[in-house]
Novice: 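Okay, here's the structure, questions in a sec.
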Amino acid sequence: MSLLARTSIVSAATLSSRLLGFVRDAATAAVLGAGPTADALVAALALPLLARRLLSEGAFNLAFIPALAHAEGEEEGAPRRLAGATLALLFGTLLAFALLAALFMPQVIRLLAPGFEPGGARADVAVLCGRVAVLYLPFAGLAAIYGGVANGAYRVLLPALAPVVANLTVLAVIAVLLLRGLMESDTAAVAIAAATVAAGVSQLGLMMVAARGCAAAPGRAHAQGGWPWRKALGVIRAAAPALLFAGLSQFRLIIIAAAVSASPGAVAALNYAQRLMDLPLGLVGASAGAVLVPALLRKSALSGGASDAPEASGRAMLAALAFALPAATGLAVLAEPIVVTLFQRGSFDAQDARLTGALLAVLALSLPAQGLERILSATASTCGHVKTAERVALGSLAVCLLAAFGLGQVAGPRAAAAAAALSAFASIAVLGGLLVRAGAIAVSRAVLLSGLGLAAASLLMGGSVALLATLWLEPEGQMAAAVRLGGLIGSGGMVYGAAALLLKALVPKLAPQP
């Protein structure tokens, strides 16, 4: 199968999974709303969602697949032994962590949601749901190993469909809850937590089928030589930076959720808002990778000669901004209509929509910075600055922690949500400066002018959409509201597209090529 065909399959499956994820979140909101029960479930699912982000979306493969490829050049059975050792090590670690977390779940919830009153309804439901949902972790580890084995053998269809199957599993349980009328109940929260574990099992099953027959597939008797535990530890350590970079947005969400947990409904509303952020953020990473990866591959192929990778990294940043700036502007300006159209039904009422919309508008400010952060992290990883990028990422999380709790205490949940943007902008300022100084990134005059032009085009788009939204009064009925939202989005797209075309014509005149 050609690279283009494999990429198309993965892209189509990823888009399907994201769309089903929206349906799943909307259905969850319809069942639980954004009240105390939803707060409790979101807090309980914090660790499983983090594990899914780190292990089920390909970040672990960045270290695991190259290690398997290297093992193929060794003695017969080396890839299978390495996969088996890595599986045993990762599964054992995650199982032990899950059992300890279940045992000490009251303390875990107190850490994740310090605003929940100990012994109160939210804390009790969160502890119960958390003890169920944390069992997802070892299944996520197993799925990551089998998925990596399958991807390493160029089998992409079933691994790409695994998130789709996981979402369908949760949706099936939610459908039963809706049919039985179990709205805003503790039973519904526990059922959704259990469905998350079932989704992990179904995902693992599909990954195992995909890896069946692969040379590196674990599970059968291993060749002589024993399991290479040291190499398996090396794989996990090598994956740590990629896992950290992939999980930054989820780590920030956990920190901000802890900061706003004293405010009823804020934890759930923050989760729904972040789910709306995930699609454009994921697409930013994919579109930027299409620009950046070829240049980085060319650089690695060169032996001492000058490379155009620094300039290509600058262009990749521009590609990320070309999508992230209008997406962030649109989410900020149309936050409440988007939330109303997608979520306001069942137990999710108008008050929940206002809170979620307000948090989404603030979180949207971080989208351009988090998109650039992915470009800078990838550049640092390929240019030998992994340690530097790790320190900057950890520092940005410290900034998020201080800002979220400080601003949250002073001005409430919306101010706490601004910590995501503050920490992300701090991260790109520091890491970007270090990479420019090291010569890993070069920003030409044309790229700089284009970036400023894209910012201006996004502001023009936002202003025109806001004006049209004022003139086009909000109608009655969900269908009419959806038509209005579609019209506003379409008008914004046309304004931005026209401004981008004008920019494309002007930049060569303002910054001619030497």
Side-chain angles (χ1 to χ4, degrees), residues 1-3 5-7 9-10 13 51-99 135-163 165-166 197 199-243 246 297 300 381 386:
M1 188 183 299
S2 70
L3 178 62
R6 291 196 298 269
T7 302
I9 289 172
V10 172
R52 185 176 69 187
R53 177 64 54 85
L54 298 184
L55 297 172
S56 300
E57 297 186 3
F60 187 76
N61 285 352
L62 295 178
F64 183 51
I65 291 178
L68 289 179
H70 184 268
E72 289 177 359
E74 300 174 2
E75 68 272 14
E76 183 180 356
R80 184 182 300 279
R81 292 199 303 274
L82 177 60
T86 307
L87 182 146
L89 190 60
L90 187 61
F91 174 75
T93 301
L94 291 175
L95 179 61
F97 181 83
L99 294 176
L135 297 177
Y136 170 86
L137 269 63
F139 294 112
L142 291 174
I145 298 298
Y146 282 102
V149 169
N151 289 150
Y154 303 107
R155 299 181 182 182
V156 298
L157 179 58
L158 291 182
L161 290 176
V165 172
V197 181
V201 175
S202 64
Q203 199 166 6
L204 170 60
L206 203 60
M207 295 293 197
M208 292 178 70
V209 172
R212 182 180 298 168
C214 293
R220 297 204 310 248
H222 294 275
Q224 295 180 354
W227 284 8
W229 297 111
R230 183 171 296 181
K231 290 183 179 180
L233 279 171
V235 169
I236 294 175
R237 175 62 187 93
L243 297 178
L297 289 175
S300 64
S381 297
V386 176

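Throughout, numbering of the chain's residues begins at 1 and tracks the sequence.
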Novice: How far does CG of Leu90 sit from CG of Leu233, to the nearest 0.5 angstrom?
Specialist: 11.0 Å
Novice: Can you see which heavy atom on Leu82 is nearest to which on Ala232, and at what distance?
Specialist: CD1-N, 3.9 Å
Novice: Is any side-chain heavy atom of Thr93 closer than 4.5 Å to one of Ile236?
Specialist: no
Novice: What are the two closest heavy atoms between Pro218 and Val149, and how far apart are they?
Specialist: CD-CG2, 4.2 Å
Novice: If you round to the nearest 0.5 Å, how far is CG of Leu206 from CG of Leu161?
Specialist: 6.5 Å
Novice: What distance separates Leu95 CG from Leu137 CG, expressed to the nearest 0.5 Å?
Specialist: 10.0 Å
Novice: Roughly how far, to the nearest 0.5 Å, is CZ of Phe64 from CG of Leu87?
Specialist: 8.0 Å
Novice: Rounded to the nearest 0.5 Å, how far does CH2 of Trp229 lie from OG1 of Thr86?
Specialist: 9.0 Å
Novice: Between Phe139 and Met207, is any pair of side-chain heavy atoms under 4.5 Å apart?
Specialist: no
Novice: Taking all non-hydrogen atoms of both residues into account, name the closest pair between Gln203 and Ala162 and its distance.
Specialist: CG-CB, 3.4 Å
Novice: Write down the atom of Pro138, the atom of Ala98, and the distance for their closest heavy-atom approach.
Specialist: CD-CB, 4.0 Å
Novice: Kindly indicate, with the supporting measurements, whether the criterion side-chain contact (heavy atoms from CB on, under 4.5 Å) is fulfilled by Tyr146 and Val209.
Specialist: CA-CA 9 Å; Tyr146 282 102; Val209 172; over 6 Å; no
Novice: Measure the CG-CG distance between Leu94 and Leu135 for me, rounded to the nearest 0.5 Å.
Specialist: 12.0 Å
Novice: Looking at Ala166 and Ser202, what are the two nearest heavy atoms and their distance?
Specialist: CA-OG, 4.0 Å
Novice: I need the minimum non-hydrogen distance between Tyr136 and Gly200, along with the two atoms involved.
Specialist: CE1-CA, 3.5 Å
